[in-house]
A.B. asks: 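Could you have a look at this structure, given as C-alpha cells, before my questions?
Atom set for the values below is all heavy atoms of this structure, side chains included, hydrogens, waters and symmetry mates excluded. What you are looking at is a predicted structure, and each value in this text was computed from that prediction instead of being measured.
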Amino acid sequence: MRLSLNGLKRGLTDPRKMMLIAGVLAAMGLVAGYVEVHDEADRALALHEGPPPAQTLQSFAAAPDVAAYGEVVILAEADLTRAIEVTLRSTNPHRRALVVPLYALTEAGAALAGHPGAPAPQPTLGGYILHPIALGAEAPAADTLAAEIFGAVGGRVVVALNGAAPDPGAFGLLAEGAITGMGLTFDAAPV
C-alpha cells in the first residue's frame, strides 16, 4: 500500500473543510465563553448574597437550605477523634479525603453555638464532613475543617461548617462504610 502526501495536503487545504473546522472551533469558543460568564455570575451572586443562614444538622433540608453556588452552613457536633482518611482507589492517581462523623446539635451544643431552635434530645449520628485532600498534600488536621469552633460538649466539638453539599459520589460510599466500620450507625440518610 502506498500513501501519497500530496493527496493528504490537498485534503487538509480544501477551503470547505477549513471553513467547517473554523466554524466548529468558533462554536466551541462561544460555548466555553458562555459557561465561564455563567459561572462568574453565579460566584458574584454568591458573594453578594453572603452565606445562607446556619441550619442545625438535624433540621437541614437540602433544597431550601442551599444558597447560590451550592453553599451551606451547618451547625453540628463533630467527633474529631474519629477522623479517618479514605482513599478512592478506582482513580489514577488515587484520590483521598478526610471523613469526620457529625452528630445532631444537642441542647448543650445549641447553647454553646448560641443557636435557638429545636436541639436533639440526644446526640444522633446524622452526617459527616468529607474534605478532599489535594494530590500530594498531607491530610489536614480535623480541627481545621470548621469555619468556627464553639467548644466541646460530651466528647464532641460544636462546629459551624461552611461549604458545599454536593453529591459525594463514590467518596460517599467510602465515607459511610468507614463510619459504619467504626461501629457507628446513622439514624437516617446522612447529610
Side-chain angles (χ1 to χ4, degrees), residues 42-43 45-88 95-134 138-191:
D42 284 348
R43 287 190 291 271
L45 178 63
L47 286 173
H48 175 72
E49 289 181 351
Q55 300 295 321
T56 61
L57 180 66
Q58 62 267 30
S59 67
F60 179 76
D65 295 334
V66 176
Y69 218 62
E71 185 176 10
V72 297
V73 177
I74 295 177
L75 297 171
E77 296 178 16
D79 188 350
L80 302 179
T81 62
R82 296 223 184 195
I84 187 169
E85 186 178 318
V86 294
T87 303
L88 190 58
R95 293 173 38 211
R96 302 175 305 139
L98 189 64
V99 177
V100 180
L102 294 176
Y103 289 84
L105 201 61
T106 60
E107 189 171 334
L112 270 176
H115 189 274
Q122 61 197 21
T124 56
L125 183 61
Y128 53 87
I129 300 170
L130 180 65
H131 181 79
I133 302 169
E138 292 292 319
D143 62 354
T144 64
L145 301 179
E148 187 171 355
I149 295 178
F150 298 101
V153 59
R156 293 171 308 282
V157 179
V158 178
V159 295
L161 303 166
N162 185 331
D167 177 10
F171 267 129
L173 294 173
L174 281 175
E176 291 167 29
I179 290 172
T180 304
M182 289 185 235
L184 304 174
T185 306
F186 290 103
D187 295 322
V191 174

A.B. asks: On a heavy-atom basis, which atom in Ala142 and which in Ala83 lie closest, and how many Å separate them?
C.D. replies: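 In terms of heavy atoms, the two residues are closest at CB-CB, 3.8 Å.
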A.B. asks: What's the spacing between Ile74 CD1 and Gln58 CD if we round to 0.5 Å?
C.D. replies: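 One finds 10.5 Å between CD1 of Ile74 and CD of Gln58.
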A.B. asks: Give me the atom names and distance for the closest heavy-atom approach of Gly126 to Phe186.
C.D. replies: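 That closest heavy-atom pairing would be C-CD2, 4.3 Å.
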A.B. asks: How long is the span from the CD1 atom in Ile129 to the CG atom in Asp79, to the nearest 0.5 Å?
C.D. replies: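 CG of Asp79 is found 10.5 Å from CD1 of Ile129.
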A.B. asks: About how many Å separate OG1 of Thr124 and CG of Leu57, when rounded to the nearest 0.5 Å?
C.D. replies: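 Those atoms lie 7.5 Å apart.
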A.B. asks: If you round to the nearest 0.5 Å, how far is CD of Glu85 from CG of Leu98?
C.D. replies: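 The distance works out to 7.0 Å.
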A.B. asks: What is the distance from atom CG of Leu125 to atom CZ of Arg82, rounded to the nearest 0.5 Å?
C.D. replies: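 One finds 9.5 Å between CG of Leu125 and CZ of Arg82.
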A.B. asks: Taking all non-hydrogen atoms of both residues, which atom of Pro190 and which atom of Glu176 are closest, and how far apart?
C.D. replies: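 Distance-wise, the nearest heavy atoms are CG-OE2, 3.5 Å.
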A.B. asks: Report all side-chain donor-acceptor pairs from residues 99-120 shorter than 3.5 Å, counting only partners two or more places apart or in another chain.
C.D. replies:
from, atom 1, to, atom 2, distance (Å)
Thr106, OG1, Glu77, OE2, 2.6
Thr106, OG1, Gly109, N, 3.3

A.B. asks: Roughly how far, to the nearest 0.5 Å, is CD1 of Ile149 from CG of Leu161?
C.D. replies: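 Here the rounded value is 9.5 Å.
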A.B. asks: Write down the atom of Arg95, the atom of Phe171, and the distance for their closest heavy-atom approach.
C.D. replies: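 Taking every non-hydrogen atom into account, NH2-CE1, 3.5 Å.
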A.B. asks: Within the structure provided, determine whether Pro53 and Val73 are in side-chain contact (heavy-atom separation under 4.5 Å).
C.D. replies: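 Not in contact.
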